[in-house]
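In the text below, chain A, chain B and the rest are named by the order of the sequence lines, each starting its count at 1.
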Number of protein chains: 2
Amino acid sequence: MVAFVQHDHKRCKRSAMSAVKALCEERQLRLTPVRRRTLEILLQSHKGLGAYEVLAELASCGLAQKPPQVYRALGFLIEQGFAHKLEQQNAYVACCEPSSCINPCFMVCASCGRVAEQPVPRANKQLVAAANELGFAASASVIELSGLCNECPG
Amino acid sequence: MVAFVQHDHKRCKRSAMSAVKALCEERQLRLTPVRRRTLEILLQSHKGLGAYEVLAELASCGLAQKPPQVYRALGFLIEQGFAHKLEQQNAYVACCEPSSCINPCFMVCASCGRVAEQPVPRANKQLVAAANELGFAASASVIELSGLCNECPG
DNA sequence: TTATGCTATGTTATATTATAACAGCTATAG
DNA sequence: CTATAGCTGTTATAATATAACATAGCATAA
């Protein structure tokens with residue numbers, strides 16, 4: 001869940017993947033081979049992956065060869081909240097809590113590149129309230145912190 | 001200051017520009033014609049502008065013709081905190097408080113495209129604190145809200 | 001079964017955003 | 001003046017992303 005902390009990542013991947021499967025059934029969506037593999041590739045990594053890196057992986061197992069294919073798969077995953085885009089990096093990460101995640105905050109380590117996703121309900125409330133006071137009705141947020149994780153000495 | 005609210009934008013531009021001039025003297029930086037004009041172009045607009053839109057403007061007054069030129073000018077302005085990049089849009093905006101702005105929040109209207117910049121010290125504190133608890137030392141933040149401004153009916 | 005429509009995939013081509021690398025110019029300090 | 005540090009100009013190309021259209025798979029209802 002938090003990339004910076006020791007954890008059983010296999011378990012973490014399995015649980016995200018099975019949550020996604022369940023959500024797809026619920027929503028009557030097709031978790032096709034490309035989509036599924038794309039998610040697996042993202043789950044594999046604790047860093048954000050560029051679209052073309054994902055494409056290379058997909059290509060290496062014969063599932064896609066052209067940019068539109070990976071962008072479609074990523075688009076599907078993002079629309080459904082199964083993955084996120086890190087806007088700072090033009091990179092993509094799997095969502096670690098696909099069934100409950102809204103407006104998360106991403107922490108990106110400037111040294112090792114690893115990314116952790118964390119809900120920040122209090123900060124979100126602050127932001128939405130501040131925006132409301134200016135007459136702005138916020139419907140989505142991008143929150144990305146950069147800095148150093150606990151394993152990378154400053 | 002807040003794009004969504006009626007205000008005397010000429011005054012607003014003049015004040016940002018003179019703050020930048022002062023800061024450049026203070027910091028012994030050269031506010032060259034390209035840099036100055038780039039800032040003017042950004043100040044002109046309440047929306048984020050793409051680098052190539054800025055370049056077109058610069059070209060139309062004979063100040064630059066090639067991408068590296070505009071990216072250099074934007075790089076300078078951003079480094080100095082005189083402008084910001086909207087990561088969601090790959091667009092650039094002038095900073096409205098160049099002498100005091102840190103980790104601002106941007107509100108981007110999904111309908112009219114206008115952008116407002118706002119300091120959010122409380123939310124920033126929340127975020128940094130939440131990150132610290134996970135052992136992450138945050139040094140910079142990107143906070144961008146999208147939604148509807150008060151002039152755009154939902 | 002077969003027609004129908006919807007969703008997903010495959011492919012070509014191209015748009016958009018951004019940077020590397022190097023040559024030449026200019027302001028300024030010594 | 002002249003050395004130098006920092007800007008500027010230019011070529012070329014990298015990296016990211018999408019439009020548009022053709023094809024295939026699948027669900028379902030006549």
* Send over the distance from L31(B) CG to dT8(D) P, rounded to a whole Å. => 10 Å
* To do: Compare side-chain N and O positions of K85(B) against OP1 and OP2 of dA18(C) and report whether any pair is under 4.0 Å apart.
  => yes
* Watson-Crick or G-U pairs under 3.5 Å in DNA chain D, rendered as dot-bracket with [ ] for crossing pairs and | for another strand -> ||||||||||||||||||||||||||||||
* Rounded to the Å, how far apart are E87(A) CD and dA18(C) C1'? -> 16 Å
* Structure fact -> Contacts of L29(B) and A51(A) projected onto DNA chain D by closest heavy atom; the upstream (5') one is L29(B)
Enumerate donor-acceptor pairs with a distance under 3.5 Å from any side-chain N or O in residues 60-72 of chain A to protein atoms, sequence neighbours excluded.
| from | atom 1 | to | atom 2 | distance (Å) |
| --- | --- | --- | --- | --- |
| S60(A) | OG | E57(A) | O | 2.8 |
| Q69(A) | OE1 | Q65(A) | N | 2.7 |
| Q69(A) | OE1 | K66(A) | N | 2.8 |

* **Between dT16(C) (P) and L55(B) (CG): distance, integer Å** => 14 Å
* Structure fact -> When rounded to whole Å, the CD to P distance for the pair Q28(A) and dC6(C) reads 16 Å
Side-chain donor/acceptor pairs under 3.5 Å, residues 80-93 of chain B, sequence neighbours excluded:
| from | atom 1 | to | atom 2 | distance (Å) |
| --- | --- | --- | --- | --- |
| Q80(B) | OE1 | R27(B) | NH1 | 3.0 |
| H84(B) | NE2 | E117(B) | OE2 | 3.3 |
| Q88(B) | NE2 | E144(B) | OE1 | 3.3 |

* Please state how far atom CD in Q65(B) lies from atom P in dC7(D), giving the value in whole angstrom units. => 20 Å
* Where the side chain of T32(A) is concerned, which of dA18(C), dT12(C), dA8(C) is the nearest nucleotide? -> dA8(C)
* **hydrophobic_cluster_shared for I78(A) and L42(A), side chain cutoff 4.5 Å** => yes
* Given dT17(C), is OP1 or OP2 found less than 4.0 Å from the side-chain N or O atoms of N90(A)? -> no
* Structure fact -> Rounded to whole Å, the CZ-C1' distance (F76(B) to dC7(D)) equals 11 Å
* To do: Run the salt-bridge test on E40(A) and R36(A) with the 4.0 Å N-O cut-off and return the result as yes or no.
  => yes
Mind listing the N/O atom pairs, protein and nucleotides 18-27 of chain D, below 3.5 Å?
| from | atom 1 | to | atom 2 | distance (Å) |
| --- | --- | --- | --- | --- |
| dA20(D) | N6 | R72(A) | NH2 | 3.4 |

* To do: Nearest whole angstrom, please: distance from the P of dG24(C) to the NZ of K66(B).
  => 15 Å
* Rounded to the nearest Å, what distance is computed from the CD atom of residue E25(B) to the C1' atom of nucleotide dA27(C)? -> 16 Å
* To do: Indicate, with a heavy-atom threshold strictly under 4.0 Å, whether L63(B) touches base, sugar-phosphate, or nothing.
  => sugar-phosphate
* Asked: Honestly curious: do V120(B) and V128(A) fall in one hydrophobic cluster under the side-chain, below-4.5 Å linking rule?
  -> no
* To do: If a pair satisfies ring pair (Phe, Tyr, Trp, His ring centres under 6.0 Å) and one of its residues is in residues 127-154 of chain B, list it, with sequence neighbours excluded.
  => F4(A)-F136(B)
* Going only through I, L, V, M, F, W and Y residues with side-chain contacts under 4.5 Å, is there a path from L74(B) to L49(B)? -> yes
* To do: Can you figure out which of dT17(C), dT8(D), dT9(C) approaches the side chain of Q69(B) most closely?
  => dT8(D)
* **Those residues that, when tested against E151(B), pass salt bridge (Lys or Arg N to Asp or Glu O under 4.0 Å) (two or more places apart)** => R114(B)
* **Flag if over 12 foreign heavy atoms under 6.0 Å of CZ, R122(B)** => no
